[in-house]
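Encoded as structure tokens, the structure appears first; notes follow it.
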Amino acid sequence: MKTLLKTVPLLALIFALSSCGGGSGGTVDPKEIGDAAVKKITSMDFDSLDSLMDQDIDVGAAKEIRDWRIKEGYDRWKDYKKRLEGDGGMDPKSKSGIDSEDKWKEMTWGKRTGLDMGLYRLYANDDVEKRLKEMKWARVGTEQKLAVEGQGSATIVYVNGYQDMIEVKCVRKNGLWYLSSVEVQMSKEVPKKPKDD
């Protein structure tokens with residue numbers, strides 16, 4: 001499952017802001033961000049992942065732009081609703097709580113982040129709560145690429161006993177690490193044990 005952040009234009013994300021959550025600060029080690037992101041995902045606290053991100057935006061101005069776009073009819077609830085629904089939608093089981101135009105207009109940045117990263121899609125998988133909450137998850141790989149003047153990127157990979165995978169991507173800015181995206185790979189059905197012939 002690819003994250004929608006790779007396909008949604010940055011401006012669309014900015015226009016979607018209705019309030020700021022997060023931007024609470026980075027860490028000196030990307031594994032700390034990875035571990036914190038996995039803890040939020042495995043507790044199904046998708047809407048607070050934005051607290052691990054660096055939000056270098058003017059939230060007030062972005063909210064004004066979003067409100068204007070809605071008022072003028074450039075962004076419409078019926079169009080966004082289509083993106084939520086169905087097997088390929090961002091929220092096929094309607095677990096996000098964004099189920100009316102008013103809730104869409106009031107949607108927080110954290111909710112938008114969880115939806116855009118495809119995390120509410122996980123509810124369509126069998127036994128998702130057991131697979132996320134009850135299974136042991138282990139960090140199995142970390143890759144860092146450092147650039148000049150304190151910049152860089154990192155990928156941290158976690159797996160559970162079913163071989164479900166969470167990949168956390170981080171970015172390093174001014175010497176601190178922040179979450180940039182997550183991708184969860186999980187088959188719809190719980191993997192079956194092998195049987196003897």
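Quick note: residue numbers are just sequence positions, from 1.
Atom-to-atom distance recorded for S96:OG and M90:CE is 8.0 Å, nearest 0.5 angstrom. Atoms CG and CD1, on D75 and I70 in that order, are 6.0 Å from each other to the nearest 0.5 Å. Atom CG of residue D47 and atom CH2 of residue W109 lie 12.5 Å apart, to the nearest 0.5 angstrom. To the nearest 0.5 Å, atoms CD1 (I41) and CG (L49) are separated by 5.0 Å. Considering CG of L122 and NZ of K93, their distance stands at 13.0 Å, rounded to 0.5 Å. Rounding to the nearest 0.5 angstrom, the gap separating the CG atom in N125 from the CG atom in D164 is 8.0 Å.
Side-chain contact between V171 and K173 is present, with at least one heavy-atom pair separated by less than 4.5 Å. Put simply, the side chain of P191 does not reach to within 4.5 Å of the side chain of Q163, judged on heavy atoms. The shortest side-chain heavy-atom distance between R139 and V157 does not fall under the 4.5 Å cut-off. Side chains of K40 and S51 form a contact here, defined as non-hydrogen atoms less than 4.5 Å apart. Side-chain contact between K63 and W68 is absent, with no heavy atoms from C-beta onward closer than 4.5 Å.
T42 and I166 make their closest contact through CG2-CD1, 4.2 Å (heavy atoms, listed as atom of the first residue, atom of the second, distance). In terms of heavy-atom proximity, W137 sits nearest to V38 at CB-CG1, 4.5 Å. Smallest separation of non-hydrogen atoms from P92 and G89: CD-O, 3.4 Å. What you find for E189 and S187 is that their closest heavy atoms are O-OG, 2.7 Å. Contact between D29 and K31 at its shortest, heavy atoms only, is OD1-N, 2.9 Å.
V159 and M135 fall into different hydrophobic clusters, defined by Ile, Leu, Val, Met, Phe, Trp and Tyr side-chain heavy atoms under 4.5 Å apart, directly or through other members. Both L119 and Y80 sit in one connected hydrophobic cluster of ILVMFWY residues. Membership requires side-chain heavy atoms under 4.5 Å apart, directly or through other members. Linking ILVMFWY residues whenever their side-chain heavy atoms come closer than 4.5 Å, directly or via other members, leaves V168 and M165 in distinct clusters. Criterion: ILVMFWY side-chain heavy atoms under 4.5 Å apart, direct or through other members. Under it, L132 and Y162 are part of a common hydrophobic cluster.
Side-chain atoms of R66 come within 3.5 Å of backbone atoms of K105 as a donor-acceptor pair (strictly under, hydrogens ignored). Looking at E64, its side chain never comes within 3.5 Å of a backbone N or O of A62 through a donor-acceptor pair. Under a 3.5 Å cut-off, the side chain of K136 and the backbone N or O of G161 do not form any donor-acceptor pair. Using modelled atom types, no side-chain atom of D127 and backbone atom of K130 make a donor-acceptor pair closer than 3.5 Å.
By the 6.0 Å contact criterion, CD on E72 is enclosed, its count of non-hydrogen atoms from other residues, nucleotides or ligands being greater than 12. Around atom CG of D87, no more than 12 heavy atoms belonging to other residues, nucleotides or ligands sit under 6.0 Å away. Residue K71 qualifies as open at atom NZ: its count of foreign heavy atoms under 6.0 Å is 12 or below.
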Verify side-chain contact (heavy atoms from CB on, under 4.5 Å) between Q144 and W177, making sure each step is shown before the conclusion. CA-CA 11 Å; Q144 289 185 38; W177 292 95; 3.7 Å; yes
Applying side-chain contact (heavy atoms from CB on, under 4.5 Å), run through L115 and D91 and close with a yes or a no. CA-CA 7 Å; L115 285 164; D91 188 15; 3.9 Å; yes
Just do the side-chain contact (heavy atoms from CB on, under 4.5 Å) check on C170 and I33 with the steps written out, would you? CA-CA 7 Å; C170 301; I33 292 292; 3.6 Å; yes
Applying side-chain contact (heavy atoms from CB on, under 4.5 Å) to M44 and Y120, what does each step give before you reach the verdict? CA-CA 9 Å; M44 302 180 91; Y120 282 95; over 6 Å; no
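Looking at I156, L179, V182, T155 one by one, the single match for side chain to side chain contact (heavy atoms under 4.5 Å, CB included) with K169 turns out to be T155.
Neither side chain, T113 nor D50, offers a donor N or O lying under 3.5 Å from an acceptor on the other. Between the side chains of D45 and S48, at least one donor N or O lies within less than 3.5 Å of an accepting N or O. Inspection of the D56 and Y178 side chains reveals no N or O donor paired with an N or O acceptor under 3.5 Å.
Classified by interplanar angle (parallel below 30°, tilted 30° to 60°, perpendicular above 60°), the ring pair F46/Y123 is perpendicular.
Salt-bridge formation is not detected for the pair R131/E129: no Lys NZ or Arg NE/NH1/NH2 atom is positioned less than 4.0 Å from an Asp or Glu carboxylate oxygen.
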